[in-house]
Amino acid sequence: MTDSAPPSPLPPELVGALFELDLPQRYLDDLAAAPDEAGEILLNTAQELGSTSPQAARDLLEVLRSLAPHPDHRQYATHMLAESLRAEGRTGEAERLITELMRPGVLGRATAVVLADEFAGEGDLDKALYCYNVACRAILAQPAQIISQLDPYGLLPLVGRAAVREGLGLAPDDHDRAALAADGASPSLESALGLGDGDAPGRAVAVHAAFSRDSLPRARDLGLATGDGGEADHHHGVERSLRAESHPGALLATVLTTPEELVAFAEADGLDAADPASLRSWAETLSPDSGRLNPWPPERNHPCWCGSGRKYKKCCGSPSVR
């Protein structure tokens, strides 16, 4: 390992543990570029290492579950470690980690959402409901009318909770009814764009553009891509901007492009391709029937909009993206 170290404000214990792991230098460089995003960067690092060096990924996750700066990142590291162990056939160890997370008073909202979706998918509705209740605790403590003010991303766990309660044969409560009503009132992207409705005018949709994963290195070389904290940072930055713009009634979509497409557009219109406004201007030119726009947020078990091939909840929609 070289002598380049992650700078403060990382806890000294975490810095020391990272040196013990002898991580490739490029991951430490990512930390140096964005130390305030250490938890997210290191979770992404573990995700990347998992495909090539599963043991190295598990070693990093062991460090993070004890020393990650934010408790949500520590819990998500525990969940990721359990997934890795389960993939190795070490189901007993994996189950002990999940049981540890689900002890009363331990589970946090972010990881509760992920576990709830997984338990629901496995048909373990009792555990799913426990996790959804943890994830929705703050909303459930307020009048159900507040649900109509939630953005689409915040609505997802409440809709999941309502479905699980129905699956358990429970009568819908006020929060279930409000969540389902709010979800049903949200227009699809197709109806928002006026597609499939004859000549009905569409509603305005805010389109957020990003570079495709295979073209991202070229975009960085040309100074076109935002974010310098690793491969996922560009897409996670777009995800954060989507969440910041999300509000009741907001119609949001994503689209992927290449540097060549952006440069050609900028040159034709006399724009600076490196100006982020040019990327936004390009996105606004797309025809509603181009087939390139994808509604945001995706359902949590659907593929991520960024093209990683992973489920949204385990990629840009994961609790590690803050």
Side-chain angles (χ1 to χ4, degrees), residues 14 39-40 42-44 46-47 50 54 57-142 147 150 153-173 175-176 179 297 299-302 310-322:
L14 177 59
E40 180 181 332
L42 290 169
L43 287 169
N44 289 332
Q47 184 78 48
R58 285 193 289 272
D59 290 343
L60 176 55
L61 291 170
E62 285 283 10
V63 168
L64 291 178
R65 62 189 296 260
S66 300
L67 299 174
H70 195 282
D72 282 349
H73 293 147
R74 294 196 290 271
Q75 292 200 1
Y76 198 58
T78 300
H79 171 260
M80 288 176 65
L81 180 59
E83 283 189 315
S84 177
L85 291 171
R86 192 175 289 112
E88 293 278 324
R90 298 159 66 178
T91 55
E93 296 173 70
E95 291 305 316
R96 282 193 290 274
L97 290 176
I98 299 302
T99 299
E100 174 186 319
L101 277 179
M102 293 184 62
R103 291 202 311 268
V106 172
L107 187 61
R109 178 189 180 280
T111 308
V113 172
V114 176
L115 288 177
D117 290 343
E118 292 182 358
F119 285 131
E122 295 166 0
D124 194 335
L125 300 187
D126 289 314
K127 287 183 179 178
L129 181 57
Y130 171 80
C131 293
Y132 276 130
N133 283 338
V134 170
C136 301
R137 181 183 296 144
I139 298 297
L140 296 176
Q142 301 182 62
I147 291 176
L150 293 180
Y153 187 82
L155 190 61
L156 288 173
L158 284 156
V159 173
R161 175 182 180 270
V164 164
R165 284 174 52 81
E166 181 181 11
L168 287 168
L170 300 174
D173 61 20
H175 290 81
D176 294 339
E299 293 186 27
R300 293 183 60 80
N301 285 311
H302 284 196
R310 302 203 301 274
K311 291 181 180 179
Y312 175 62
K313 69 182 180 182
K314 294 183 179 179
C315 193
C316 293
S318 83
S320 69
V321 180
R322 303 181 60 83

Query raised in the report: Mind checking whether L129 and L170 have side chains closer than 4.5 Å, heavy atoms only?
Result: yes
Report summary line: All heavy atoms of P157 vs all of V113, minimum pair found to be CB-CG2, 4.3 Å
Report task. Indicate the atoms forming the closest heavy-atom contact of L115 with M102, along with that distance. Result -> CD1-CG, 4.3 Å
Query raised in the report: Counting N and O atoms only, with roles assigned by atom type, does the side chain of Q47 sit under 3.5 Å from a partner on the main chain of C315, one being a donor and the other an acceptor?
Result: no
**Report entry** Flag, side chain of T78 to backbone of R74, donor-acceptor distance under 3.5 Å
**Finding:** yes
Query raised in the report: To the nearest 0.5 Å, how far apart are CG in L150 and CG in L155?
Result: 6.0 Å
**Report entry** Sub-4.5 Å side-chain heavy-atom contact between L60 and L43
**Finding:** no
Report summary line: Tightest non-hydrogen contact, residues Y312 and P297, listed as OH-CB, 4.0 Å
Query raised in the report: Name the one of E118, K127, R86 that satisfies side-chain contact (heavy atoms from CB on, under 4.5 Å) with I98?
Result: R86
Query raised in the report: How many angstroms lie between atom CZ of R109 and atom CD1 of I139, to the nearest 0.5 angstrom?
Result: 8.0 Å
Report summary line: Closest heavy-atom pair, A112 versus V134, reported as atoms and distance to 0.1 Å, is CB-CG1, 3.8 Å
**Report entry** Side-chain donor/acceptor of Q75 to backbone N/O of P71, under 3.5 Å
**Finding:** no
Report task. Verify whether the ring centers belonging to Y76 and H79 lie closer than 6.0 Å. Result -> yes
Query raised in the report: Roughly how far apart are Y130 OH and D124 CG, rounded to 0.5 Å?
Result: 13.0 Å
Query raised in the report: Does CD in E166 sit with more than 12 non-hydrogen atoms of other residues, nucleotides or ligands closer than 6.0 Å?
Result: no
Query raised in the report: Charged N to carboxylate O under 4.0 angstrom, E100 versus R65?
Result: yes
Query - Close side-chain approach of R161 to V164, heavy-atom, < 4.5 Å - result: no
Query - V63 and L42: CA distance, side-chain angles, deciding distance, side-chain contact (heavy atoms from CB on, under 4.5 Å) verdict - result: CA-CA 10 Å; V63 168; L42 290 169; over 6 Å; no
Query raised in the report: Do E93 side-chain atoms and L85 backbone N/O form a donor-acceptor pair below 3.5 Å?
Result: no
Report summary line: When rounded to the nearest 0.5 Å, the distance separating CG of L64 from CG of D59 is 11.0 Å
Query raised in the report: Do you know the tightest heavy-atom contact between C131 and L107?
Result: SG-CD2, 3.9 Å
Report summary line: One should read off an interatomic distance between R90 CZ and L81 CG, to the nearest 0.5 angstrom, of 8.0 Å
Report summary line: Residues A171 and D176: closest non-hydrogen pair is O-OD2, 4.3 Å
Query raised in the report: Under a 4.0 Å N-O cut-off, is there an ion pair linking K311 with D117?
Result: no
Requested in this report: Please tell me if the side chains of I147 and H175 come closer than 4.5 Å, counting only heavy atoms from C-beta onward.
Outcome: yes
